[in-house]
Structure formats: C-alpha cells, structure tokens
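We name chains A, B, ... by the order of the sequence lines, and we start the count at 1 in each one.
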Amino acid sequence: MKIVKVMSPRRLAALAGVFGTAFLAGCAKNAPQDVWQPKGPNSEKINNLDLVVFPIAGVVGVIVISLIVFILFKFRDRGQPIPKQSHGKPVLEVTLTIIPALILSVVGVFTVRTIFELAEDKDTELIINVTGQQWWWEYDYPIQNEYGITQPIITSGQMVMPAGTKVMLRETSRDVIHSFWVPSLNGKKDAVPGRIHLLRMEADEPGIYAGQCAEFCGLSHANMRMEVIALSKEDFAAWVQNQLADYNAPAKESLAGQGEEVFLNQCVRCHQVNGLKRADGTPAIAAPEDNVYTGAAPNLSKFMTRNTFAGAMFDLVNSKCRKDVWGASAQEFGAKYLAGVTEECLNTSDLRAWLRNAPAVKPMYANPEKLGPTDGKYRGMPNLNLTEDDIDKLVAYLLTLR
Amino acid sequence: MFTGASKYFLGLTAAAVAGFVLYLLFVTPNDLGAIALGAVMVVAGTLAGITLFNRDAEAETVQDATGAAAQPLPNSVWPIVCALGVALMAVGLASVAMVFLIGLGVLVIGSLEWLIQDWAEGASADNKFNTFIRERAISPLELPLFAAVGGGIIAFSFSRIMLAMGKSAGAILFIIIASAVLLVGFLVAFKPNFRGKIVTVLSTVAGVALIAGGVGSALSGERAELAEASREGHYMHKECGEEKSKYFDKVANNRVPLRSAVAATIILENGQLRAEIIGFTEPQKSVTIPKSNDADILFRNKDEADRRLVLNLGTETVGDTGVEEKLYTCTQLTGKNQENVLVVKIDKQSSVGGPYTFTVPGVDDAIEVVVP
C-alpha cells in the first residue's frame with residue numbers, strides 16, 4: 001500500500017510489465033543463443049560455474065537492493081531533524097570487509113579453476129583460423145592431413161567442424177576488434193588485429209549453433225553473425241572432400257554459364273571462386289586488396305554448401321528448408337546439411353535483393369562518393385547496378401557452386 | 001572570482017569544444033553539425049570571456065575592484081611575448097611554415113596570459129590578492145604547459161646536437177653531461193651554500209648553451225654519414241643476406257615488443273628451422289597466414305652465428321622490362337638466443353603469388369608459408 005502511494009498505479013503497472021517481460025523471456029524454448037543451454041563441454045564448464053556464482057550474486061544482490069530500498073523509504077526526508085552524526089564503526093567496517101572478501105574468495109576459486117580448464121590447449125584435435133572483419137567471419141582450415149585437409153580450405157558465414165572433437169580456433173581480425181561468441185559452445189573471445197587468441201570449441205552432437213559478434217565493431221555489428229555446424233566425423237570428412245573437389249564450370253550456353261560471365265566481369269574483382277578460369281584459360285584471381293579496405297572478401301567456392309550469406313545475416317535456404325535442417329535429429333542432420341542448397345530450397349528473394357543493392361539490405365560503408373577515409377576502398381559490398389537479367393544469370397551460376 | 005554567468009558560459013564552451021572534437025573524430029567532418037558546434041564554441045567562448053572580464057557587471061563585485069587602478073601595477077612581460085609571437089609569424093610567412101606555427105602558439109599563449117593578468121589586476125585594490133587569484137586561475141595550466149615546452153626544447157636541442165656530432169664525440173659528450181648533472185646534484189644535496197643563486201646561474205648558462213648548441217647543430221645539419229643514408233634511403237632498404245648490412249642492421253630493431261599472441265615463433269636450432277604455432281602441440285614446417293592481414297612472426301635464433309629470418313614473397317616483373325625481381329622482407333641480424341619480430345602482410349594467396357617461404361641465409365632449410 002505504501003508503495004502504491006509513492007508510485008502511481010500506471011507507473012507500477014509499467015514497471016511490472018517491464019520486469020515481467022524480462023522474466024518471461026527466460027522461458028523461451030527456441031533461444032539458440034541462450035547461455036543456459038550448453039551443448040558442449042566448454043559451455044558446460046561455464047554453466048557449472050554460473051550455477052555457483054549466480055545464486056551467490058543473486059542473494060547478495062537481493063540483500064543489497066532490499067537494504068537500499070528499505071533505507072530509501074524508511075529514512076526519506078519528512079522534515080525530521082538530522083540525526084546525530086558519528087564517524088567510524090570498526091566492528092561493522094571489518095565485518096563488511098571480511099564478508100565480501102570471503103564471498104569473492106569462494107567465487108574466485110571456482111572462476112580461476114574454470115578459466116584454466118577453458119584455456120587447455122594441449123589436447124587439441126583440429127585447428128581452424130578465424131578472422132573477423134567488418135562485418136563477416138572468415139574460416140580457414142590449415143593443412144591437417146589426418147582430416148583429409150591436404151590443401152587449405154577457406155569459407156565464411158558457417159564454420160563446419162566435427163562433433164565430439166576438440167577444435168581450437170585461432171582468432172584474429174583484419175580491422176577492428178571483434179568477438180567470437182557462440183553461447184551454447186563456449187564463452188566469447190576477442191579477435192584483435194595483429195594478435196592470435198585461442199578459443200576452444202567442442203559440440204556434443206551434430207547440429208547448428210548460432211552466435212553473434214559480441215564486441216561493437218561499427219555500423220553493421222548487429223548483423224555480424226555466425227553459425228557453427230557440427231557434423232559427425234564421417235560427414236565432416238565428406239564435407240572436406242567436397243570443399244577440396246575441383247571446380248565444375250557450367251556449360252557456356254546455359255543460363256548458369258552466362259552467369260559465370262557476369263561473375264567474371266563483376267564479382268571476381270573481390271570474390272574468389274577456386275578453379276574459376278577466364279575465357280583465355282588463365283585463372284580468375286580476385287583482387288579484394290585493391291577494392292576492399294580489409295583486403296579480403298568472402299571466398300565463394302562451394303557457396304551453395306552454406307546455409308547463410310552476407311555475414312550470416314541472411315539465410316540462403318528458405319524458411320521451410322531451414323526449419324527442416326534446424327529441426328533435424330542429430331542422426332539426420334548431417335545428410336540434410338550436406339545436401340546443400342537446392343533450387344527448391346534457395347531463398348531467392350533475399351539473395352536477389354542482396355545482388356540488386358547490397359547496401360540497401362545491410363548497412364555498410366559502400367557509397368562510392370564517401371570513400372575518402374578509406375582511400376577509395378569499400379567496407380562492405382557496393383551496389384553493382386546489376387540488371388534483373390544479370391541477377392537471373394548470377395543466381396543460376398551461384399546455384400552451381402556446390 | 002568566477003561569477004555565475006561566466007561559470008555557465010565556460011561550461012558551455014567546454015561542452016561545445018568536447019562535442020566539436022568528438023564530432024570531427026567520429027562523425028563526418030565538413031558537415032553542418034561541425035559548423036553548428038564550432039559556432040556554439042566560438043559564441044560561448046566569447047560570452048565566457050566577456051562575462052569573466054567584466055565580472056558579470058555585478059555591482060558588488062565591481063565595487064570590490066574599485067581603487068585597483070589607483071595602485072601602481074606590476075610590470076608585465078606578456079606584451080613582449082605577444083610581440084615576439086607576431087614577429088615569428090611574420091618571419092614564418094616568409095620562410096618556414098613551422099616558424100609561423102610556433103609564432104602562432106607563442107601569440108596565443110601570450111595573449112591568454114596577458115588577458116588573465118589584466119583580469120586579475122582589476123579584481124581588487126590589493127595587488128597581493130590580485131596576484132593570488134591570477135596564479136589560482138592560470139597556474140594549473142601554466143606549469144604543465146611550460147614544463148612540457150621546456151622539456152621539449154631541451155630534448156629537441158639535445159637530439160640535434162647528438163645527430164650533428166660524430167658517434168664517439170657524442171658518447172663522450174653524453175658522459176660529460178651526465179657526470180656534470182650528477183655532480184651538481186651531489187653539491188646541491190650535501191653543500192647547502194651551493195644552492196640559491198649559483199644553481200640558478202649554472203642552470204641558466206647550461207640551458208642557454210644547450211639551446212644555442214641545438215640551434216647551431218640544427219643549422220649545420222646531421223653528420224655526413226646520416227645525411228648520406230637519409231638522402232639515399234639506406235635505412236629503408238633491407239639487405240637480407242647472410243652478411244651484416246651496412247645500414248639496415250643499425251636501425252633500432254624489434255627485439256622487445258610483440259612477444260605475446262604471435263602468429264608463429266620460428267626457431268633456428270642445430271641448423272634446422274621449426275615453427276611453433278599457438279594451438280599446435282607439435283613443431284610445424286608450414287605456417288598459415290590469413291591473406292591481407294598483419295601477422296607477427298617471432299624469430300628466435302639458437303644458432304651460434306648471427307642470423308636473420310627472411311620471408312621470400314616470390315617474384316615481380318619490373319615495369320615493362322620483363323625483368324623478374326625477387327620480393328622479400330627480413331629481420332635484422334639476430335644474435336644467439338635473441339629474438340626479433342617480423343610483421344608480415346601478404347596480399348596474394350600462395351597458390352597465386354607463391355610459393356612463399358621463410359628461410360635463414362646460410363641455413364639449408366625452409367618453412368612453407370600458406371596464404372589461403
């Protein structure tokens with residue numbers, strides 16, 4: 001009753017609504033970036049730490065806030081005389097020092113132990129280099145013959161790894177600080193230019209694990225997403241084999257063949273497709289270092305083996321097929337993912353919108369008239385002013401990159 | 001001292017300056033926003049100056065100051081400083097831009113000091129009080145600024161002298177100056193009679209000598225060896241052979257920094273090269289470096305001889321001549337059990353521009369560099 005007197009019923013209802021919504025948000029079932037749903041041993045370790053620290057922090061928080069609220073109301077100014085002032089209460093001060101010190105010691109023991117466990121790198125089984133840039137992630141797999149990786153593999157958007165395997169990410173950045181965070185597999189780790197930071201990943205089961213850049217990195221930070229794809233060891237071997245397979249050029253007279261020509265004229269300035277050749281038979285080599293500020297653009301080899309594009313901001317598969325892949329059981333997942341993006345499953349509308357005018361659908365520094373600060377180079381994909389006819393051809397060509 | 005309105009306008013000026021600087025740094029310059037914030041800054045600053053100077057025209061405050069003019073005013077050095085600033089600007093206009101900028105700086109500082117002194121002299125009829133409030137207003141800015149300028153002049157003068165002298169003479173001079181400073185320090189500490197005027201005179205003479213030496217050295221230029229190397233770009237040209245480079249190996253190297261979180265540590269031991277890479281438990285014979293990205297490579301020499309790490313970057317055709325030129329970069333010679341850092345950035349995939357390798361001249365081994 002007293003609270004209602006101090007605060008109007010309308011404000012009280014609004015406050016209850018805000019806290020109620022925040023509280024109920026914790027009950028969401030479909031929350032792929034929920035830190036409380038660990039799907040691997042590393043996130044399990046963090047979760048186990050949370051289970052100790054959060055109750056302690058919660059109890060301390062409730063006590064402190066309750067005391068503050070109590071004091072605010074109990075001793076609020078009602079015109080009463082100022083009480084007698086005193087200075088120093090040694091017993092109280094020592095007690096209030098010792099209690100937090102003890103609490104922090106308990107929390108510290110568990111925290112430090114977890115930090116050391118998460119930093120373990122001696123039993124690494126697979127290494128992936130992860131490079132952040134505005135606003136997408138690049139994954140390259142150094143040569144590791146035991147996994148059939150006899151040549152470097154380079155991809156983006158979705159990082160593929162074998163489930164039940166201790167994978168070590170070697171993170172760095174080409175421009176500003178980013179942070180790689182897939183909550184269900186591990187905590188976040190900053191990707192810092194010029195430095196290599198390690199982050200262990202391990203998934204218990206095959207599946208898709210969503211993540212998000214966790215360090216503000218500029219205009220499209222919110223659109224810099226990532227997905228980790230865990231496959232069974234056999235499926236991962238199949239994925240590796242496909243990534244290293246030769247390029248299959250489409251027939252010249254087909255729509256895809258005409259799309260290849262458009263790709264060679266427009267896209268290859270920045271995007272590499274391994275094995276792609278020009279009409280004279282020379283390899284078509286992308287030169288993003290001449291056009292993009294970071295010197296890199298996503299390698300589009302085997303593009304249709306991924307489910308996302310544009311820094312994992314958009315799905316490459318339509319919602320029906322995406323549900324089918326995301327909802328697949330651990331046993332069925334590999335086969336469904338490795339099937340890649342078929343013509344029936346292609347998310348044509350988002351892909352076409354991207355090709356039509358990329359900066360219109362994802363904020364980027366791609367206005368050719370405002371590139372002074374970056375020496376005339378783009379940060380993001382510019383509008384290529386493609387015709388609808390060109391877009392038809394390009395979509396047909398991209399569908400062959402599988 | 002600071003009345004209500006002047007505090008308000010000073011605060012507004014400070015906020016506008018901060019906003020203006022942040023806007024220029026983080027938002028597009030040459031914009032209406034910058035013009036608006038600049039205008040607010042100038043207007044608020046002017047109003048702050050006016051209100052500060054006339055003390056808000058508050059009758060009581062002004063009344064306190066009446067009679068101030070009746071007392072003889074202390075001498076002021078600031079008109080001379082301002083005149084010097086103007087003279088330097090005029091000289092700078094006719095000679096070097098830097099002299100003009102120094103003159104501008106001197107003029108701004110002199111004007112500010114003059115204004116503050118004038119404002120303080122009108123504060124009350126008591127000169128002591130006026131001096132007190134002047135120091136209170138300006139000392140927090142004046143002392144660090146003059147200390148920085150003085151330190152800069154000393155460092156700059158000293159550097160010019162060292163660059164003009166021969167290497168051996170420079171070392172001897174350095175020892176003499178350091179010994180003299182130590183001696184004076186001892187005398188000041190243990191001989192009370194030595195303090196006061198003697199120290200002032202000695203400091204003044206030393207300061208004048210240093211500045212005069214600096215000016216003279218700057219005019220005579222760097223010693224012949226440095227001038228030649230600078231003219232011909234010797235220090236930019238990396239000689240990456242086995243032998244000691246006449247110039248490149250004299251440049252300050254990267255032995256100290258960048259030791260943590262490097263992309264790879266390449267170790268030369270018993271005539272063999274191996275790469276220790278964070279994340280890999282076993283030594284490697286190939287290093288993967290992301291394209292177009294700075295990667296720090298630490299070279300550790302465990303060989304008896306001085307060695308350098310060379311990154312071979314393939315070849316490049318020189319213009320239309322058809323001549324193939326080798327591309328490479330390297331560390332300086334690195335002694336036994338010492339380290340050096342090589343920062344590399346490769347813009348072409350190794351399948352296109354390669355093969356790329358790390359080698360050590362005089363050692364028959366290599367580490368492959370893969371750029372995917």
Side-chain angles (χ1 to χ4, degrees), chain A residues 121-133 138-144 149 151-155 166-175 190-200 272 274-275 282-290 292-297 299 301 370 372-373, chain B residues 23-31 254 257-266 275-298 313-314 316 327 341-356 367-372:
Chain A
D121 65 351
K122 299 288 182 226
D123 51 356
T124 296
E125 294 172 285
L126 174 71
I127 288 176
I128 304 174
N129 293 325
V130 176
T131 308
Q133 53 254 286
E138 180 183 270
Y139 310 105
D140 77 74
Y141 298 68
I143 295 169
Q144 290 161 94
I149 307 173
Q151 292 296 316
I153 295 172
I154 187 161
T155 183
K166 293 175 176 60
V167 179
M168 184 61 78
L169 307 188
R170 302 176 75 245
E171 292 182 23
T172 187
S173 164
R174 283 197 174 95
D175 40 37
D190 281 3
V192 181
R195 294 178 66 84
I196 301 291
H197 290 172
L198 300 180
L199 179 66
R200 172 68 68 79
Q272 182 71 41
N274 299 342
T282 56
I285 305 301
E289 62 275 11
D290 296 335
V292 186
Y293 188 60
T294 57
N299 185 310
S301 307
K370 292 186 176 177
Chain B
Y23 194 89
L24 286 182
L25 286 177
F26 300 112
V27 190
T28 317
N30 307 322
D31 205 301
N254 293 321
L258 304 172
R259 284 192 183 176
S260 68
V262 294
T265 302
I266 294 180
E276 289 185 354
I277 302 172
I278 300 176
F280 286 87
T281 48
E282 298 295 324
Q284 303 289 310
K285 292 300 279 186
S286 79
V287 177
T288 301
I289 295 174
K291 177 185 170 299
S292 299
N293 199 14
D294 284 333
D296 301 333
I297 306 293
L298 191 69
L313 293 162
E316 185 183 61
L327 298 175
V341 168
L342 187 62
V343 181
V344 301
K345 185 177 182 182
I346 306 175
D347 278 331
K348 283 289 176 201
Q349 303 95 305
S350 44
S351 58
V352 178
Y356 305 133
I367 300 279
E368 182 192 12
V369 178
V370 178
V371 180

Item to check | Tyr139(A) OH: over 12 foreign heavy atoms closer than 6.0 Å | outcome: yes
Checklist outcome for this item: The interface call for Gln349(B) against chain A, heavy-atom contacts under 4.5 Å, is side chain
Next on the checklist: Let's test your reading of the structure: which of Val287(B), Ile278(B), Ile277(B), Val370(B) forms the most heavy-atom pairs below 4.5 Å with chain A?
Outcome noted: Ile278(B)
Item to check | For chain B, the option from Arg200(A), Arg195(A), Gln133(A) that forms the most heavy-atom pairs under 4.5 Å | outcome: Arg195(A)
Checklist entry - Given a strict heavy-atom distance threshold of 4.5 Å, which part of Ala287(A) is in contact with chain B: side chain, backbone, both, or neither? => result both
Item to check | Any side-chain heavy-atom pair of Val192(A) and Ser173(A) under 4.5 Å | outcome: no
Checklist entry - Does some side-chain heavy atom of Asp140(A) sit less than 4.5 Å from a side-chain heavy atom of Thr288(B)? => result yes
Checklist entry - Is the backbone of Val130(A) close enough, under 3.5 Å, to the side chain of Glu171(A) for a donor and an acceptor to pair up by distance? => result no
Next on the checklist: Quick check for you: to the nearest 0.5 Å, what is the distance between Ile289(B) atom CD1 and Thr172(A) atom OG1?
Outcome noted: 11.0 Å
Checklist outcome for this item: Okay, Gln272(A) and chain B: the region with an atom under 4.5 Å from a heavy atom over there is side chain
Checklist entry - Is Arg170(A) paired with Asp121(A) through a side-chain N to carboxylate O contact shorter than 4.0 Å? => result no
Checklist outcome for this item: Most contact-rich option vs chain B, by heavy-atom pairs under 4.5 angstrom, among Asn299(A), Leu198(A), Ile153(A), Thr124(A), is Leu198(A)
Checklist entry - With a 4.5 Å heavy-atom cut-off, do Pro290(B) and Val371(B) have their side chains touching? => result no
Checklist entry - What part of Lys345(B) lies closer than 4.5 angstrom to a heavy atom of chain A: side chain, backbone, both or neither? => result neither
Checklist entry - Which atoms of Thr131(A) come close to chain B, meaning under 4.5 Å heavy atom to heavy atom: side chain ones, backbone ones, both, or neither? => result side chain
Item to check | Heavy-atom contact with chain A under 4.5 Å, split by part of Ala263(B) | outcome: both
Checklist entry - Ser286(B) versus chain A, heavy atoms under 4.5 Å apart: side chain, backbone, both or neither? => result neither
Next on the checklist: Strictly below 4.0 Å, N to O, side chains only: are Glu138(A) and Arg174(A) in salt-bridge contact?
Outcome noted: yes
Checklist entry - Side chain, backbone, both or neither: which part of Pro142(A) has a heavy atom under 4.5 Å from chain B? => result both
